[in-house]
Amino acid sequence: MDFEEKDMLACCGSTKFVREMVLASPFASLDLAVSAARDIWFNKVDVSGWLEAFAAHPQIGESSSSNTTSAGWSRGEQSTAVATATDSSLQELAEWNARYRQKFGHIFIICASGRSTDEILAELKKRYSNRPIVEIEIAATEQMKVTELRLAKLISAKAEAASKGDSYPTVDTKKAEDRVSIIGAHITAASEALAGKPPQVPSRTRPPITSHVLDVARGYPAAGIEVNLEMWNGNQARPQFGKTDTSGWILQGSSTTDKDGRSGQLMKMVDALTPGIYRISFNTGKYCPNGFFPYVSIVFEIRESQKWEHFHVPLLLSPFSFSTYRGS
């Protein structure tokens, strides 16, 4: 299906995302559209584009006055929250929305579909304690969930319109909501992987192992950090703590973080990862000569059941500390 900018704007408010999706279309299926959307959102849209998309949403608990497709979808996505709200919970939600916005500089973003007001409020309170540089990554992931749901609605509406011979669809929000189950293929992909089955998704559009470095001390992405990715191939089945065997590590690829702190391509584009022990290393000493760490290495294992997954290993860096977590 071909898409115009007005189609994509209903799915995501980022101008960069919209233009890239229009250029990437047509798409033969929802799977291909979602795969392209994820690649564009996480690898081509920068933080300012994320913030632009956030700003296009009404706050949770509020409605948009515009009578657009996007506004109709927002109402549908928040319908469970509205149905379960009380005067007191709405008041508390408004207060926490204000506190969140004051701290982070953007509205609270969550995929609200099917969530009650109490569930949303609990998640808002939990995420409020995050550092801004961590929270914006979480918000971007939630925005992608919303975009995927809306792509499903858009494609469903266009398919129905095409079958009726309409030149352009008039979106029936209720019917589109009922068809969102087709997005379940993406949710069940992980469980298929656990069973050792390749998920029914198209070939990868980005390398299976990526990284993203955020400079917590300065509050922005860390550009210019050298990154190496290696795989264990030593005499022992796995590296042993306290024992050094530098010859056991085989370099898979190297890169340098860009202006958004992203590592770029660290290995070949393969559909199925080779299971084993991997090590990703960051030349933090060169980036921060007066810091505590000359370099940082993170060792992790990818099992047979995980070879179809994508592994994102972000590094949150300050001169005297660092932390990491497993991304999607």
Side-chain angles (χ1 to χ4, degrees), residues 14 16-17 20-21 24 31-32 34-47 49-50 133-145 147-148 186 189-190 193 198-199 201-216 220-232 249-284 287 295-303 305-317 322-328:
S14 164
K16 173 71 171 177
F17 176 85
E20 291 287 342
M21 282 293 286
D31 282 343
L32 291 174
V34 168
S35 181
R38 289 175 179 170
D39 178 50
I40 290 167
W41 181 247
F42 290 113
N43 296 322
K44 296 181 181 180
V45 178
D46 58 18
V47 172
W50 290 356
I133 206 136
V134 175
E135 178 57 21
I136 196 167
E137 287 260 353
I138 296 173
T141 301
E142 290 296 310
Q143 169 66 46
M144 190 68 248
K145 292 177 185 177
T147 301
E148 290 182 29
H186 306 292
V201 295
S203 298
R204 295 184 191 268
T205 58
R206 55 177 171 168
I209 300 176
T210 56
S211 185
H212 189 187
V213 186
L214 303 174
D215 189 329
V216 177
Y220 53 69
I225 292 185
E226 298 169 356
V227 185
N228 287 344
L229 178 67
E230 301 163 288
M231 184 177 180
W232 177 253
W249 291 103
I250 307 300
L251 184 68
Q252 303 297 297
S254 300
S255 185
T256 302
T257 56
D258 62 16
K259 63 182 179 64
D260 293 319
R262 301 188 185 278
S263 61
Q265 187 160 337
L266 292 172
M267 65 181 304
K268 295 178 180 179
M269 292 283 286
V270 294
D271 287 339
L273 272 166
T274 301
I277 309 290
Y278 289 83
R279 180 172 70 181
I280 188 167
S281 301
F282 305 86
N283 190 355
T284 51
Y287 174 78
Y295 67 91
V296 171
S297 289
I298 300 164
V299 179
F300 55 97
E301 182 175 9
I302 296 175
R303 303 180 186 279
S305 62
Q306 298 174 307
K307 64 183 181 182
W308 304 101
E309 298 181 33
H310 173 258
F311 293 84
H312 187 61
V313 189
L315 181 70
L316 309 178
L317 178 69
F322 74 90
S323 61
T324 186
Y325 59 93
R326 160 77 197 277
S328 61

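When reading the values below, keep in mind they use all heavy atoms of this one structure, side chains included, and skip hydrogens, waters and symmetry mates.
Minimum interatomic distance between R262 and V45 (heavy atoms only, all atoms of both residues): NH2-O, 4.3 Å. Closest heavy-atom contact between N283 and I225: N-CG2, 4.0 Å. Minimum interatomic distance between S255 and G264 (heavy atoms only, all atoms of both residues): OG-CA, 3.9 Å. When every heavy atom of W41 is checked against every heavy atom of S14, the shortest pair comes out as CZ3-CB, 4.0 Å. The nearest pair of heavy atoms linking S254 to N228 is OG-OD1, 2.7 Å. Heavy-atom minimum distance, P208 versus H310: O-CD2, 3.3 Å.
Residues passing the side-chain contact (heavy atoms from CB on, under 4.5 Å) test with T147 are C11, C12, F17, Q143, M144, L151, sequence neighbours excluded. For the side-chain contact (heavy atoms from CB on, under 4.5 Å) test, residues two or more places apart in sequence or in another chain that qualify with S281 are E230, R279, S297.
E309 CD to R303 CZ: the interatomic distance, rounded to the nearest 0.5 Å, is 11.5 Å. One distance of note links CD of E226 with CZ of F282; it measures 12.5 Å at 0.5 Å rounding. A distance of 8.0 Å separates CD1 in I302 from CE in M231, rounded to the nearest 0.5 Å. In this structure, CD1 on I136 lies 11.0 Å from OG1 on T141, to the nearest 0.5 angstrom. The distance from the CG atom of L229 to the OG1 atom of T210 is 10.5 Å, given to the nearest 0.5 Å. To the nearest 0.5 Å, atoms CG (D39) and NZ (K44) are separated by 5.5 Å.
The shortest distance between side-chain heavy atoms of D46 and K259 falls below 4.5 Å. Counting heavy atoms from C-beta on, the side chains of Y287 and V213 never come closer than 4.5 Å. At a threshold of 4.5 Å between non-hydrogen side-chain atoms, the residues I280 and F300 count as touching. Side-chain contact check for Q252 versus L266: every heavy-atom pair is 4.5 Å or farther apart. Side-chain contact between L273 and Q306 is absent, with no heavy atoms from C-beta onward closer than 4.5 Å.
Environment of OH in Y295: sparse, with no more than 12 heavy atoms of neighbouring residues, nucleotides or ligands closer than 6.0 Å.
Panel note: side chain T257, backbone S263; no donor-acceptor pair is recorded below 3.5 Å. Side chain of H212 to main chain of P221: no donor-acceptor pair is present (N/O by atom type, distance under 3.5 Å, no hydrogens or angles).
A perpendicular orientation is assigned to the rings of F42 and W50, their planes being inclined by more than 60° (bins at 30° and 60°).
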Run the side chain to side chain contact (heavy atoms under 4.5 Å, CB included) test on Y278 and W232 for me, step by step, so that the C-alpha distance in whole Å, both residues' side-chain angles and the decisive distance to 0.1 Å come before the verdict. CA-CA 6 Å; Y278 289 83; W232 177 253; over 6 Å; no
Side chain to side chain contact (heavy atoms under 4.5 Å, CB included) assessment of V227 paired with L315: CA-CA 11 Å; V227 185; L315 181 70; over 6 Å; no
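Salt bridge absent: E148 and K145 never bring a charged side-chain N and a carboxylate O closer than 4.0 Å.
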